[in-house]
Each structure stands twice: as C-alpha cells, then as structure tokens.
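Notes follow the structure.
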Amino acid sequence: MIRIEIITIFPELLEGPFSHSILKRAQQKGMAEIILHNLRDYSDDKHKRVDDYPFGGGAGMVMMVEPVFNIINHLRSQRQYDDVIYTSPDGELLSQPMANRLSLCSNLIILCGHYKGIDERIREHLVTKEISIGNYVLSGGELAAAVITDAVVRLIPGVLNDETSALSDSFQDGLISPPVFTRPATYNGWPVPPVLLSGNDRLIQQWRLEQSVERTKQRRPELFSDSKQ
Ligand code: ADE
C-alpha cells in the first residue's frame, strides 16, 4: 500500500489520469491511495492567492512559500513521509531504478512545480527530492506528477494482474522488450515469426532474449552499455 499526496493548483487536471485503468484498479483494491490537494485551500490570503510578484522584478509570478508550508506541515503532522518530491526540469531524471525505489515507499508527497515560479525557500527547506521526467519544459508539474505516480503505482505487488509482468517490462533488466504479436498468424500477407507458433518454450524464450538484445543495441545502445557495467 502506497499513499501519494499530490499538491497542485489544478487538481481537476489530475482527476482523469487517476480514475481509469490500472491506477483506478490499484485504488479500488486498496493498494494505492492517491489524494489530490488544492494548494489554494491552504492560502491564508482572503483571495486565496498562492503566487505573487518576484522580488527584484522580472517576468512571471512566483509560488509563495506560505501555502506550501501550511499544507506540508499539516500533512506531516498526521504521518511521516518518505519524501517530499518537487517536479521540476532541474531535478534528477526519472528512471526505472528510481521508480522501483519509490515503489517501496509508504507515504509520498508530490508538489507540482511551476518552472521559474516557485519560491526557492520551498526547495531549500521543504522539498527532499526533485524529479524531472525529461529534458524538456512542461507548462506545469501536474503531468510530471501523473507520470511519476503511474510509473510507481504499477510496480506495487498485486496492482498488475500478472505480477511478473512489471518485472518483464522494458528497462527492468536494462533491455527493451521484445516484439509481441497476436492473432491472426498472418494478416495482409504479414506473417508472425514462425518460432512464436512453434510451441517450443525454450526456443521462444531464446528468440525473445535475442530480440531484446538486438533491439537495445540498435535503438538504445546507452542502455545496453549501462546494463553491462
Ligand atoms: N515541470 C516542467 N517541466 C518538467 C519536467 N520536464 N519534469 C518535471 N517537472 C516539470
């Protein structure tokens, strides 16, 4: 069971991704609890403001420290958290090993960032881990929070029907997955590789491993060299 509390100024943006498919099932089965918090609810300001002009001038607004402090303090008064994650392009790049480690946590907070827009004191004093989902800039951290949550929750034992299937994912062994096929065996003159129809499990597993190695060398050579280190 993992509990993930997401702090955002756009909770509606995140309702969709968590109410379908695997993430929905994980919550229904009690294996994950994903809680959305609207940062505005923690603003002491009478207009519920959560951002203000930057000291020293410059473009854009800055997320204020106070509402973030209020909510994190409130959450921490109820339980201990393994990490307070801030989504930011400056953070450590999300990877499968990082998702594996996070899936062992019990309680996480994810603060959805706004690039160039969050008071540095939040990062200095409240955040314990900064994560980027890739070397590009999103307009907010909500989509990154959804990606992190999905990558982590699907690893919780029992969330996927076939427990071995997360282990055989691409990247788990430093290799990308082999190709898969389903019926019909020939479509439009395009045949399925005959070995998959052979019924010989040893040959099939050998073929899959060869395909994985070959694909990784061709498409993601850096993964291949990493996995050999
Ligand atoms: N916020 C904006 N861009 C981001 C990124 N690439 N990863 C995580 N959070 C972000």
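In listed order, ligands and their atoms are each counted from 1. Side chains are part of it too, since the values below use all heavy atoms of this structure and drop only hydrogens, waters and symmetry mates.
- The proximity of Ala144 to ligand 1, defined as any non-hydrogen pair under 4.0 Å, is limited to the side chain.
- Residue contacts with ligand 1 leave out Gly113, since none of its heavy atoms falls under 4.0 Å from the ligand.
- When the heavy-atom distances from atom 9 (N) of ligand 1 to Gly134, Gly141, Ser88 are ranked, the shortest goes to Ser88.
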- Verify side chain to side chain contact (heavy atoms under 4.5 Å, CB included) between Leu94 and Ser132, making sure each step is shown before the conclusion. CA-CA 6 Å; Leu94 182 64; Ser132 165; over 6 Å; no
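- Remark: ligand 1 and Leu138 share an N or O pair separated by less than 3.5 Å (distance only, no angle test).
- For the atom pair Leu39 CG and Ile9 CD1, the distance stands at 7.5 Å (nearest 0.5 Å).
- Contact annotation for Ile131 and ligand 1: only backbone heavy atoms (N, CA, C, O) come within less than 4.0 Å of the ligand.
- None of Leu111, Ile131, Ile110 except one satisfies the side-chain contact (heavy atoms from CB on, under 4.5 Å) rule with Thr87; the exception is Ile110.
- Near Val137, meaning under 4.0 Å from one of its heavy atoms, ligand 1 places the atoms 3 (N).
- Relative orientation of the Trp207 and Phe181 rings is tilted, given thresholds of 30° and 60° on the angle between their planes.
- Residues Met64 and Tyr86 fall into different hydrophobic clusters, defined by Ile, Leu, Val, Met, Phe, Trp and Tyr side chains chained together at heavy-atom separations under 4.5 Å.
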